[in-house]
Colleague: 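One structure follows; several queries about it will come next.
Letters go in sequence order (proteins before strands), and every chain restarts at 1.
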Protein chains: 2
Amino acid sequence: MSVRRVTSQDVAEHAGVSQSAVSRVFTPGASVSKKMEARVRASAEALGYRPNVLARSLITGRSRIIGLVVAYLDNQFYPEALERLSRALQAEGYHVLVFMSREGEDLDEVIQEILDYQVDGIVAASVSMSDELARRCRAAGKPVVLFNRGQEDAGLAQVTSANRAGGRKVAAHFVAAGHKRIAHISGWAGSMTGRDRAAGFAEGLKAAGVPLLEIVDGEYRWERAAEAARWLMAEIKPDAIFVGNDVMAFSVMDTLRFELGLRVPQDVAVVGYDDVAMAAWPAYDLTTVRQPADRMVRATVELLLERIETPSAAPRRIEIDGPLVRRGSTSAEVKA
Amino acid sequence: MSVRRVTSQDVAEHAGVSQSAVSRVFTPGASVSKKMEARVRASAEALGYRPNVLARSLITGRSRIIGLVVAYLDNQFYPEALERLSRALQAEGYHVLVFMSREGEDLDEVIQEILDYQVDGIVAASVSMSDELARRCRAAGKPVVLFNRGQEDAGLAQVTSANRAGGRKVAAHFVAAGHKRIAHISGWAGSMTGRDRAAGFAEGLKAAGVPLLEIVDGEYRWERAAEAARWLMAEIKPDAIFVGNDVMAFSVMDTLRFELGLRVPQDVAVVGYDDVAMAAWPAYDLTTVRQPADRMVRATVELLLERIETPSAAPRRIEIDGPLVRRGSTSAEVKA
DNA sequence: AGGGTTTTTGCAGAGGTATGCAAAATGCCG
DNA sequence: CGGCATTTTGCATACCTCTGCAAAAACCCT
């Protein structure tokens with residue numbers, strides 16, 4: 001019943017060599033003669049041997065596992081990023097072990113579990129980390145990269161898009177189109193991404209001398225965004241709304257069109273943030289600031305590997321700029 | 001620089017007991033006195049000790065890792081399922097190691113890599129497995145569960161929704177609404193899910209004596225679905241289209257409305273399959289057959305754990321029925 | 001051929017934990 | 001308090017691989 005695994009010892013016996021020799025054949029960069037390599041590989045092939053990654057990690061101290069903490073996958077941006085991240089790491093010989101956490105729930109337990117697996121590094125996507133946790137990861141020698149969520153305090157590596165600049169781009173776009181009544185449904189105020197986008201937007205409007213009539217926290221939630229839209233249209237009556245991410249922007253557009261009977265962009269212009277695949281679909285055709293998932297993921301992998309190779313390297317912060325993608329949810333005409 | 005890990009040996013010395021004692025404290029069901037437990041836990045706490053999952057797995061033969069193979073995450077159904085799967089397994093003390101593969105690409109390399117990690121089981125989502133691969137997993141004693149993709153030949157455990165029945169439900173719905181010109185843009189013909197939905201749909205129409213004018217393979221791809229819709233409207237002019245999944249249905253609706261200027265459901269009724277979150281959004285308001293991700297995931301976990309506990313258990317197949325969810329993309333009125 | 005260099009190989013120990021077995025400790029009862 | 005049954009503990013070994021070190025082999029050059 002029990003399945004006997006094929007071990008390097010078995011291969012060694014079959015090939016009539018020592019176990020060390022087998023190990024060396026499967027260790028890149030080790031010293032093995034051509035002849036030895038051929039013999040061992042033949043035996044390994046015959047027996048169907050492959051090194052046990054876990055046993056190997058025990059001695060090398062490298063598991064080739066990266067822990068990923070993520071709170072939810074219903075914002076399209078995250079599956080997209082996860083897919084790319086997984087592929088990129090796979091190409092480097094690493095694999096992603098997934099840990100779901102809930103916003104608000106204490107990360108402690110989750111991080112402990114991650115560390116139990118002796119991961120080589122941790123990517124925390126859209127979750128914030130307490131200083132205490134960061135300290136513990138440092139103590140364990142595990143590099144952490146925050147993905148798409150900045151943090152002021154802790155000395156953590158992080159990759160974000162240029163959220164502040166993005167907010168300014170949206171402001172400039174609204175101003176150029178001549179909008180006067182402008183509002184913002186922000187990303188969760190507890191997140192730096194949300195705050196930065198809002199801050200950049202406010203800055204940009206201020207610089208142009210156009211007032212920002214109202215900011216409502218949409219908490220990155222579909223339902224909250226819809227409520228915010230209803231309230232804004234009842235109380236403020238803006239003619240342009242910048243929404244903190246695409247998913248909320250879709251919610252806002254649906255509310256405007258199907259519940260309030262308004263036209264986008266003629267009655268209200270809407271801009272989102274992320275540029276997920278759906279933003280380009282005709283039903284929404286959403287003007288939005290692109291977060292270049294591809295480049296963000298590449299930067300994340302780079303940072304992670306850098307710190308795995310060189311644990312002494314200081315944690316860096318990388319910010320990636322993304323363009324404003326103009327589509328039909330904002331009008332093209334520029335008023336003078 | 002190098003971070004000395006805290007081991008059970010360290011805890012043992014600190015507590016003045018043997019290493020075995022420490023091990024037993026952290027092994028559920030082992031024999032330890034109250035006093036011993038308290039002492040060890042105190043020392044463990046003081047030193048910040050937690051058992052090394054990898055070292056443990058070396059001796060128990062259980063890694064508490066489940067390998068997940070998935071081809072793409074851009075169909076919303078999969079991130080949804082992945083999130084639930086990960087949470088459900090987490091609750092059972094397992095974790096998901098992600099392996100991205102590409103449709104068509106040979107799974108061989110991927111499966112080998114999975115096995116290298118000594119996973120306790122494998123979930124293959126929307127990928128088909130060759131008999132050879134299935135054989136190899138069996139040889140390695142690793143249970144495999146196919147998620148949302150059936151397969152006739154191999155004796156593999158699998159969880160699917162009742163695709164055939166689902167297809168019939170759609171047929172009945174169209175027939176009841178009095179549609180006469182009916183077409184189908186199917187899921188990829190190379191997948192059993194796609195074939196079953198199409199077969200059920202055809203059966204249902206045949207039983208009602210309504211012809212199925214055309215079937216086009218949409219390959220589960222957004223762009224292919226749009227092309228299929230253009231072609232159908234040019235050549236066949238159906239008044240009702242059943243589309244093999246929601247994502248393709250969205251594409252079809254967009255093409256009908258924004259490219260061809262047709263109204264849904266007045267000119268053409270559209271039905272999808274999956275009931276992803278977006279299907280309920282007002283912009284689409286799509287009638288669709290629900291795949292109960294929750295129950296499908298629960299069944300998957302059940303099957304997996306069952307076979308991990310009892311390797312001799314025969315692989316079972318579970319089919320989960322889902323309702324037709326009526327929404328605005330099909331008309332309500334039933335003609336006599 | 002011989003001596004020195006370099007390469008290749010095997011030996012043995014380590015990495016962190018679980019567990020069968022025997023010894024020690026505890027509990028029970030008369 | 002003695003004797004026996006039961007529980008708890010420690011010892012030693014196993015899991016599978018990598019790697020430093022020293023021995024063996026191969027190579028090179030005169």
Side-chain angles (χ1 to χ4, degrees), chain A residues 2-41 43-44 47-65 93 115-120 140-141, chain B residues 2-41 43-44 47-65 93 115-120 140-141:
Chain A
S2 70
V3 189
R4 258 268 303 153
R5 291 193 283 244
V6 182
T7 74
S8 57
Q9 187 59 51
D10 300 333
V11 177
E13 280 164 21
H14 184 272
V17 300
S18 75
Q19 181 271 327
S20 332
V22 179
S23 170
R24 275 190 269 260
V25 168
F26 288 95
T27 306
S31 160
V32 220
S33 67
K34 290 282 172 209
K35 206 161 33 167
M36 173 68 85
E37 162 130 32
R39 263 174 78 183
V40 169
R41 286 213 184 273
S43 293
L47 300 180
Y49 169 77
R50 302 202 103 209
N52 178 330
V53 177
L54 268 35
R56 172 179 280 176
S57 82
L58 191 54
I59 189 159
T60 60
R62 296 285 175 82
S63 62
R64 311 210 69 92
I65 297 177
L115 294 177
D116 292 349
Y117 278 92
Q118 313 297 120
V119 297
D120 288 345
Chain B
S2 70
V3 189
R4 258 265 306 151
R5 293 192 280 243
V6 182
T7 73
S8 56
Q9 187 59 49
D10 300 333
V11 178
E13 280 163 22
H14 185 272
V17 300
S18 76
Q19 179 269 326
S20 330
V22 179
S23 170
R24 276 190 268 261
V25 168
F26 288 94
T27 305
S31 159
V32 220
S33 67
K34 289 283 170 207
K35 205 162 35 166
M36 172 68 86
E37 162 129 30
R39 264 175 78 183
V40 170
R41 287 214 185 273
S43 294
L47 300 180
Y49 168 77
R50 302 202 102 208
N52 180 329
V53 177
L54 267 36
R56 173 178 278 177
S57 82
L58 193 54
I59 188 160
T60 60
R62 295 284 176 82
S63 61
R64 312 210 68 93
I65 296 176
L115 294 177
D116 292 350
Y117 278 91
Q118 312 298 120
V119 298
D120 288 346

Colleague: Could you check whether A:Ser23 gets within reach of a base, just the sugar-phosphate, or nothing at all, counting any heavy atom under 4.0 Å?
Modeller: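 The answer is base, as A:Ser23 lies within the cut-off (heavy atoms under 4.0 Å) of a base atom.
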Colleague: Taking only side-chain nitrogens and oxygens of A:Tyr117, does any of them come within less than 4.0 Å of OP1 or OP2 of C:dG16?
Modeller: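 Answer no for this pair, as no side-chain N or O of A:Tyr117 is under 4.0 Å from OP1 or OP2.
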Colleague: Give the rounded distance in Å between these two atoms: CZ of A:Arg62 and C1' of C:dA14.
Modeller: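 One finds 18 Å between C1' of C:dA14 and CZ of A:Arg62, rounded.
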Colleague: Which part of the nucleic acid, if any, lies within reach of A:Val32 when heavy atoms closer than 4.0 Å are counted: base, sugar-phosphate only, or nothing?
Modeller: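 The answer is sugar-phosphate, as A:Val32 gets under 4.0 Å only of primed atoms, P, OP1 or OP2.
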Colleague: Ignoring backbone atoms, test whether B:Arg5 places a side-chain nitrogen or oxygen under 4.0 Å from the OP1 or OP2 oxygen of C:dG16.
Modeller: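 Answer is yes, contact under 4.0 Å.
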Colleague: Quick one: on DNA chain D, does B:Gln19 or A:Gln9 contact a more 5' nucleotide (nearest heavy atom)?
Modeller: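 Checking each residue's closest nucleotide, the 5'-ward one belongs to B:Gln19.
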Colleague: Considering non-hydrogen atoms only, spot the tightest contact between A:Met36 and A:Val17 and give its length.
Modeller: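 Smallest interatomic distance, heavy atoms only, reads SD-CG1, 3.7 Å.
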Colleague: Is any side-chain N or O of A:Ser31 closer than 4.0 Å to OP1 or OP2 of C:dT7?
Modeller: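 Indeed not, no polar side-chain atom of A:Ser31 lies that close.
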Colleague: Go through C:dT17, C:dT9, D:dC18 for me and flag the one nearest to the A:Thr27 side chain.
Modeller: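 Within the option list, the nearest is D:dC18.
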Colleague: How many Å lie between CG on B:Asn52 and C1' on D:dC16, as a whole number?
Modeller: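 Spelled out: CG on B:Asn52 to C1' on D:dC16 is 14 Å.
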Colleague: Given atom CZ of B:Phe26 and atom P of C:dG16, what is their separation to the nearest angstrom?
Modeller: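 Rounding to the nearest Å, CZ of B:Phe26 and P of C:dG16 are 15 Å apart.
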Colleague: Does A:Gly16 or B:Ala55 map to a spot on DNA chain C nearer the 5' end, using the closest nucleotide for each?
Modeller: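 Per heavy-atom nearest nucleotide, the more 5' residue is A:Gly16.
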Colleague: Scan A:Ser20 against the nucleic acid and name what it touches under 4.0 Å (heavy atoms): base, sugar-phosphate only, or nothing.
Modeller: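 The answer is base, as A:Ser20 lies within the cut-off (heavy atoms under 4.0 Å) of a base atom.
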Colleague: Can you tell me how far CG of A:Asn52 sits from CZ of A:Arg5, rounded to the nearest 0.5 angstrom?
Modeller: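 So the gap between those two atoms works out to 6.0 Å.
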Colleague: What is the separation between atom CG on A:Asp116 and atom C1' on C:dT17, rounded to the nearest whole Å?
Modeller: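 Answer to the nearest Å: 13 Å.
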Colleague: Rounded to the nearest angstrom, tell me the gap between atom CD in A:Gln118 and atom C1' in C:dG16.
Modeller: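 In whole Å, C:dG16 C1' lies 9 Å from A:Gln118 CD.
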Colleague: For the pair A:Ser63 (side chain) and A:Gln118 (backbone), establish whether a donor and an acceptor sit closer than 3.5 Å, ignoring hydrogens and angles.
Modeller: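 Checking the backbone N and O of A:Gln118 against the side chain of A:Ser63, a donor-acceptor pair under 3.5 Å is found.
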Colleague: Please report the closest heavy-atom contact between A:Thr7 and A:Tyr49, naming both atoms and the distance.
Modeller: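 So the minimum-distance heavy-atom pair works out to C-CE1, 3.5 Å.
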Colleague: Of the options C:dT19, D:dG10, D:dG20, whose atoms approach the side-chain atoms of B:Thr60 most closely?
Modeller: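 That would be C:dT19.
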Colleague: Counting the atoms with a prime plus P, OP1 and OP2 as sugar-phosphate, which does A:Val17 contact under 4.0 Å by heavy atoms, base, sugar-phosphate, or nothing?
Modeller: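 Here A:Val17 touches the backbone only, sparing every base.
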Colleague: Give the rounded distance in Å between these two atoms: CZ of B:Arg50 and P of C:dA18.
Modeller: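 These atoms are roughly 13 Å apart.
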Colleague: Which is more 5' along DNA chain D, the nucleotide nearest B:Ser33 or the one nearest B:Ile59? Just name the residue.
Modeller: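 Comparing both residues, the 5'-ward one is B:Ser33.
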Colleague: For a quick test of reading the model, state the closest non-hydrogen atom pair linking A:Asp120 to A:Arg62 and the distance between them.
Modeller: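 That would be OD1-CA, 3.4 Å.
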Colleague: Quick check for you: among C:dT17, D:dC15, C:dG16, whose closest atom lies nearest to any side-chain atom of B:Arg56?
Modeller: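 The listed nucleotide nearest to B:Arg56's side chain is C:dT17.
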Colleague: So which nucleotide from C:dT9, C:dG15, D:dT9 ends up closest to the side chain of A:Leu58?
Modeller: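 Shortest atom-to-atom distance from the side chain points to C:dG15.
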